[in-house]
Each structure stands twice: as structure tokens, then as C-alpha cells.
Novice: 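If you scroll down you'll find the structure; I have some questions about it.
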Number of protein chains: 2
Amino acid sequence: MSSQNPKRAMFEHLAAVARALGSAHRLELLELLAQTERSVEELASLSGLTIANASQHLQQLRRFGLVEAHREGKRVIYRLADPELVVLLGALSRVTQRNVGAVEKVLNSYFRERDNLEPVSRKELLRRMRNGLVTLIDTRPNEEFAAGHLPGAINLPLGELKRRLRELPRDQQIVAYCRGPYCVLSYEAVAELRKRGFKAARLEDGYPEWRAAGLPVEQSANP
Amino acid sequence: MSSQNPKRAMFEHLAAVARALGSAHRLELLELLAQTERSVEELASLSGLTIANASQHLQQLRRFGLVEAHREGKRVIYRLADPELVVLLGALSRVTQRNVGAVEKVLNSYFRERDNLEPVSRKELLRRMRNGLVTLIDTRPNEEFAAGHLPGAINLPLGELKRRLRELPRDQQIVAYCRGPYCVLSYEAVAELRKRGFKAARLEDGYPEWRAAGLPVEQSANP
DNA sequence: CAAACAATCAATTAATCTCTTGAATCAAGG
DNA sequence: CCTTGATTCAAGAGATTAATTGATTGTTTG
């Protein structure tokens, strides 16, 4: 198993971890875990996998030290083992996006002119927040919002957007965020808001990246 | 091909890139290319691959946009397509490194109870050394050993371990060390030695920590 | 134009993953 | 202690990937 050459052994370790990331299902599980810790059943149903299959993927991730598990009563709760993983996934996204032409096409065709929806960076958002110049909306579902969100954000899941438009200011910049750079929700929210004449923009990345950057977060106080 | 769900399609792309990284050979090629651009033949010989095999790996990397190639006369020169790759590889190795130690421990605990692999602290090692009660082995490769090692240590890289067992005493405690708490080498050496009936233990940390603590070191005098 | 190189292609075998299925644990509640 | 619910384990069919071998395509040089 272990090669005689330590350098090769190191590459072998790196490759093993990369292979652990080399499955769309596992990446999806990691993204779900980047938001909050979850049980196997929850992960399976969110990702559309069977329980057994999800469990096996999770064990594989655990074998390579990417996630940790602990038991709570009947269920086993998984979580990311290392916040650095968010960085790794981000880098993977960036490399993929920058280099795979097909990916760009997929993105563009789905998100119609992405450039028009120019995103706001974390830094920029922080500046605007300090000046009170911005209304921040979180387009993720309630449970995820409750588990943690950006300070001062309003939870406005996509489905509720249309009937809660009156809660939003017409004169102020609105910034929407969700799970990360590839999360669809905030794109759609911004598109919808702009169509209605609001001044809206996306946050460049999402809640997991925000938290990973060590910026402050809030939690809702409902069990 | 692309599912109706763009999110899934995105994960599929990310996974494909991760899989492209999921091979020790390809990672080694990328590392070589991170230094400078190179021809196929050069890469093959540096990495110990056959030309055909190296070529195939390189094409795979190219298919996923990680490297670019252009022809110069008879030869085809490859280079990294994106400087961001260095960031990605860095993140990968940080995540791996943080977890390799833990993984090894888990693996080892399958075979022997953890307590048996209890590491020896620097202080403890110093006491045993003063009493001449210990044989100290350095499991790092020759070059690293030559650059500096603990006083009195024998250089015994993992690959040579099996055929040099006779150099080791059966009656005396053996302590193995390598690069630090996350270095795999000494774990494997200790596991191997114990399997063969030697009394072996790991040093809690490695050469860098020893030197950083201001303790005495030796250097080999061969160029 | 033929010979010599450098790299790629094509095809085969061996090895590794993936998903599914059904049985086996393990904890909590009656 | 038996049942239920949640998860893991074990085994097998099907698909993917890796390394090897030998032939093939371009490029330069005599």
C-alpha cells in the first residue's frame, strides 16, 4: 500500500482526497453540510439519494477526514470536519468555472446574462452594511436560515418573494444571498426583483463562505 | 446529458475536475508543471511514467482545462492553464495534511489499540537517550536526513525497513520519528516493527519541532 | 523522399468505483 | 424484551478508469 517513495506517498494521499471529492453526489453532500450539520436521512432526502447510498458516500468522506459524525439518540449527525474545505471547494469551483467552457455555457444559459447581475463582494457588502445603505435578504428556506445567517438579514425564500414585496424598500439597494456562488436561489430572486423595478444585486458568494471567513453570523432562537 | 437541474450539472462538472486531480501521477505532473512548462518526454522521465502513459494523463488534464499544450518543432510543450490551480492544489494539500494524521490513527487503531501506539514525548525521549536505553530511527528519505537529524539517529527510510531489520535490537525500545505530528512515515514504521515483534514507539513530533525547541542536531557530512 | 523523433491513438486487460438489495446493528419507547 | 426507526454492513452486477502494447500521425533532418 505505502510506496517506498515518500513523495509518491504524499501524492497518493492528495489524490485520495481529490478522488473523494470526485463525485457529484459527494460534492452535493458537502455543500449541504457546509450550511449546517445534518442527519443521514436529511442528507439523503435533500440530495435525492437512497439512505444506504448516502450513508456510503458519507462514510467515504469520513474515511478521508472530510466530515465527522457523532450520534444523537437514534440518528447520526454529520458535519464538515474542516472549515478549510469551504476554501478548497471554492478553489475547485473557480478553477472549473474559469477553465471549462461547457460550464460557462451552462451557467449563462440558465442564469441569462450573468454579467448584468454583477455580484457584490463580501467587502463591498460590509461597507454598505456599516453605512446602513442596504437591505439584505436571505433566499434560503427557513430551516437553513434558522441554523445561521448574516447579521440583519431578512429571510425571504423564493416562494414567498412575490407576496412579500411590500416589505422591501424601493429606494435602497437590496442584496440577496443564498448558499454559495452556484446556488440558484439568489440569482432568481435578483432577476425577479429587478423585473419589478427594485435595485437588487447578488452577494458574490453565500452563507458558508461568509462563515468560513470568520465574519459574524446570527442564529434564530427557535428549537 | 446535462440534467434538467443545473445545480446537479454544476456538481457534475466540479466532480469531473476533482476526478482529474484524483490521481497521484496527474498531481505529480501538475506539480512539475507548476515549476515551469515542459515537454511530454521530460515530464515522463521526471515522473517515471512511460511516454504513452504520461501523454494520456496530460491529455486528460487538458480535457478538463487544467493544462494547455502547444507545439514547438518536434515536441509538444505543456503548461498550467490557470495560476489559480496553485491555489487549488495548496488548499487540497492543506486539507489533506490536516486530516492525514487523523486518518492514519484511525487506520492503525483497527490493528492495535490506540494506547499501544502511544507516542513518546521529547522529554521522555531525552531521558531514555541519556540512559542509552533507546535506538532512534529516522524514517525520512536520505536527503532530508543528511540535511539534519536527531543526534545518534539511524536513517532508515520506510522502503528499506524490511531488509534492514537485522540492524535493529530486539531487546531495546525503538523510537521512530519523521517530519512532524502529521507525517505518516513513522506511524507506518512503528506499525511494521511491532508486527515483527519489536518494541517500537513514535516520537510525538518530528525533526522540525525538535530543532525549533533548540535541542541539538547532527548533520551528515556527505555532499 | 526516407529515416529518426516526439507524441498520440486504439485496443486489451486488470483494477476500482458505484449503486442496489437485503440483512444486521444500535438506540429508544412501549 | 420486543418493536420501531435510523443507520450501517456485505455482496454482486454494471460501469469507469489505468497501464501496457503496438501501430500511427506529424516534424525535422539527411
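Below, chain A is the first sequence line, B the second, and so on; all start at residue 1. These values consider heavy atoms only, across backbone and side chains, with no hydrogens, waters or symmetry-generated copies.
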Novice: Looking only at the side chain of A:Ser23 (C-beta and beyond, no hydrogens), which of the listed nucleotides D:dT20, C:dT18, D:dA19 gets closest?
Specialist: C:dT18
Novice: Thinking salt bridges, do A:Glu72 and A:Arg75 make one under a 4.0 Å N-O criterion?
Specialist: no
Novice: Could you check how far CD of B:Glu28 sits from P of D:dA19, rounded to whole Å?
Specialist: 12 Å
Novice: Which residue, A:Gln60 or A:Gly73, contacts DNA chain C at a nucleotide closer to its 5' end, judged by nearest heavy atom?
Specialist: A:Gln60
Novice: Which whole-number value in Å describes the distance from A:Arg75 CZ to C:dG29 P?
Specialist: 12 Å
Novice: Does A:Ser55 have a side-chain nitrogen or oxygen under 4.0 Å from the phosphate oxygens OP1 or OP2 of D:dT7?
Specialist: no
Novice: Rounded to whole angstroms, how far apart are CZ on A:Arg63 and P on C:dT18?
Specialist: 11 Å
Novice: Would you kindly give the CG-to-P distance between B:Leu49 and C:dA6, to the nearest whole Å?
Specialist: 17 Å
Novice: Does C:dA7 have OP1 or OP2 under 4.0 Å away from a side-chain N or O of B:Gln56?
Specialist: no
Novice: Within a strict 4.5 Å, meaning less than it, do heavy atoms of the B:Leu30 and B:Leu21 side chains meet?
Specialist: yes
Novice: Rounded off to whole Å, could you give me the CZ-to-P distance for the A:Arg19 and C:dT16 pair?
Specialist: 10 Å
Novice: Can you check whether A:Tyr78 has a side-chain N or O nearer than 4.0 Å to OP1 or OP2 of D:dA6?
Specialist: no
Novice: Do the side-chain N and O atoms of A:Tyr207 and A:Asp138 include a donor-acceptor pair separated by under 3.5 angstrom?
Specialist: no
Novice: Heavy atoms only, 4.0 Å cut-off, all strands: where does B:Glu72 land among base, sugar-phosphate and nothing?
Specialist: nothing
Novice: Is any side-chain nitrogen or oxygen of B:Arg26 closer than 4.0 Å to OP1 or OP2 of D:dA18?
Specialist: yes
Novice: Check every strand shown and say whether B:Ala54 touches a base, only sugar-phosphate, or nothing at a heavy-atom separation below 4.0 Å.
Specialist: nothing
Novice: Just how far, in rounded Å, is P of D:dG5 from CZ of A:Arg71?
Specialist: 15 Å
Novice: What I want to check is whether the side chains of A:Gln59 and A:Ser55 have a donor and an acceptor closer together than 3.5 Å.
Specialist: yes
Novice: I need the NE2-P distance between A:His57 and C:dC17, as an integer number of Å.
Specialist: 13 Å
Novice: Counting distance only, does the side-chain N/O of A:Glu144 pair as donor-acceptor with the main-chain N or O of A:Pro141 below 3.5 Å?
Specialist: no
Novice: Of the nucleotides D:dT20, D:dT27, D:dT7, which has the atom closest to the B:Thr50 side chain?
Specialist: D:dT20
Novice: Which part of the nucleic acid, if any, lies within reach of A:Glu42 when heavy atoms closer than 4.0 Å are counted: base, sugar-phosphate only, or nothing?
Specialist: nothing
Novice: Grab the CG-P distance between B:Leu29 and D:dA19 for me, whole Å please.
Specialist: 10 Å
Novice: Which comes earlier along DNA chain D counting from the 5' end, the contact point of B:Asn53 or that of A:Ile51, where each point is its nearest nucleotide?
Specialist: A:Ile51
